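Each chain gets a letter, A, B and so on, in the order its sequence line appears, and its residues count up from 1. Quick caveat: nothing in here was measured; it's all calculated off a predicted structure.
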2 protein chains.
Amino acid sequence: MTRRIPASTIRRLSHYLRSLEDLEASGDETVSSEELALRGQTTAAQVRKDLSHFGSFGKRGLGYRIEELSARLRQILGVDRVWKVALIGAGRIGSALFEYPAFESRGYECVAIIDSDPAKIGTYWSELQIHGPDDLESLLAELGVELVILAVPARAAQEMAERSVRAGIKGILNFAPIRLKVPRHVPVEDVNLVMELEALSFAITQHGSEP
Amino acid sequence: MTRRIPASTIRRLSHYLRSLEDLEASGDETVSSEELALRGQTTAAQVRKDLSHFGSFGKRGLGYRIEELSARLRQILGVDRVWKVALIGAGRIGSALFEYPAFESRGYECVAIIDSDPAKIGTYWSELQIHGPDDLESLLAELGVELVILAVPARAAQEMAERSVRAGIKGILNFAPIRLKVPRHVPVEDVNLVMELEALSFAITQHGSEP
DNA sequence: TTGTGTGAATCCCTTCACAGCG
DNA sequence: CGCTGTGAAGGGATTCACACAA
């Protein structure tokens, strides 16, 4: 049904969904592509083009029914269901994510925490006991984990990724500052804070040298 | 000296710099664009094109002198100096960033922490005392803060951003899931974890429906 | 010979503009 | 009318291919 959707489109769909949820709360029934564009820092044509990749669910002369479109976007983005997530690495970043409120409210359920620190193994975060890394594969497989959040130091990341893939997980959100080598069918999203900071300092530095 | 550098180029420069630092440690003297490409998940032509935006610092038939190129990249990315950073929001994400080891080692020095929670105001993280938001403007201005990391709830983010800009800061790393409205000359980098997760679940969902 | 630097060709994303439906 | 959906045009970024320097 779909072919080659640009990554930039996906990010915008995420935005549109958030805007729609705001609009739902405000009681409106429909939106135009122009209004969505305004809230998403893009253009009306772009909104329509983005949506057209997946079908045509607007009414000409009227716009999009908010409820219908948001349901469809949830479906497209795959968030019309609950994803079972394992958190590998119970350090600072792991803890921040674990408590991130948007996390559970958006359909991501953390069902396992893994860390290699003996002082942490066996302790609890909320109801969840922290496991050591030894039985990683069987643990993930038994719990039916689909998504892994990798928040371990760079040196441990590749091994944990490989073992997770072996356990049958389907995607990785990677906070370690390395390029993971995994089979092509396992998507990886990288979050690299140093890179973001460097993009920022570049932008500032350049700005100073231009009028 | 430079015009219109694509954002994707900057992210790759960041990568190259990290690769170069690895190579520096391993004692080599030179790299080819091909080797850099291999480590950066891109092509040799792309590496050369990226670098050519800023000048030509390779030697034909030989490659790039590692030390020279990494120094030049640090200069380009603006990380050949120390940036004074303020952390606004001392919650989970703030705490994770504060302890992020790459942070200080890369030239970002946190000189102030601000939070509105009365229970936190006055307490210390390492040597740094947490301030309330009341005197934000004067605090940032006095300390000469250039970069702000915004790790507060969405509802507070816009106000904190505006006040930071008024205090003369030059860039914002934003973790709040909203589009900040700030003057054009203040660059903002957004880190949106929900968006990353949604990109991942989209990729997985799509993948299943294709052979 | 090796590997850079770079115009030219290509590819892909965005924007335009308008036909067509409600 | 008003606003969507979409081919066509436009603009950037990536890739190609080769002249040229070491």
Margin query: Distance check, rounded to the nearest 0.5 Å: B:Ile5 atom CD1 versus B:Leu13 atom CG?
Written below: 8.5 Å
Salt bridge flag under 4.0 Å for residues [X] and [Y]:
{"X": "A:Arg163", "Y": "A:Glu137", "result": "yes"}
{"X": "B:Glu146", "Y": "B:Lys170", "result": "yes"}
{"X": "B:Arg11", "Y": "A:Glu196", "result": "yes"}
{"X": "B:Lys59", "Y": "B:Glu68", "result": "no"}

Notebook entry, point to check: Counting side-chain heavy atoms from C-beta on, which of C:dT4, C:dT14, D:dT4 comes nearest to A:Ser33?
Noted result: D:dT4
Item checked: Closest to the B:Tyr64 side chain, choosing from C:dG5, C:dT15, D:dT15 -> C:dG5
Check: Counting any heavy atom closer than 4.0 Å, what does B:Thr42 reach on the DNA or RNA strands: base, sugar-phosphate only, or nothing?
Finding: nothing
Check: With respect to B:Glu189, which candidate in B:Ile172, B:Leu173, B:Ile149 satisfies the side-chain contact (heavy atoms from CB on, under 4.5 Å) definition?
Finding: B:Leu173
Identify all pairs in which a protein N or O lies below 3.5 Å from an N or O of nucleotides 19-22 of chain C, and state each distance.
residue	atom	partner	partner atom	Å
C:dG20	N3	A:Arg60	NH1	3.4

Notebook entry, point to check: How close or far is atom P of D:dT15 from atom CZ of B:Arg48, stated in whole angstroms?
Noted result: 12 Å
Next item on the list: Write down the distance between NZ (A:Lys49) and P (C:dC18), rounded to a whole number of angstrom.
Entry: 15 Å
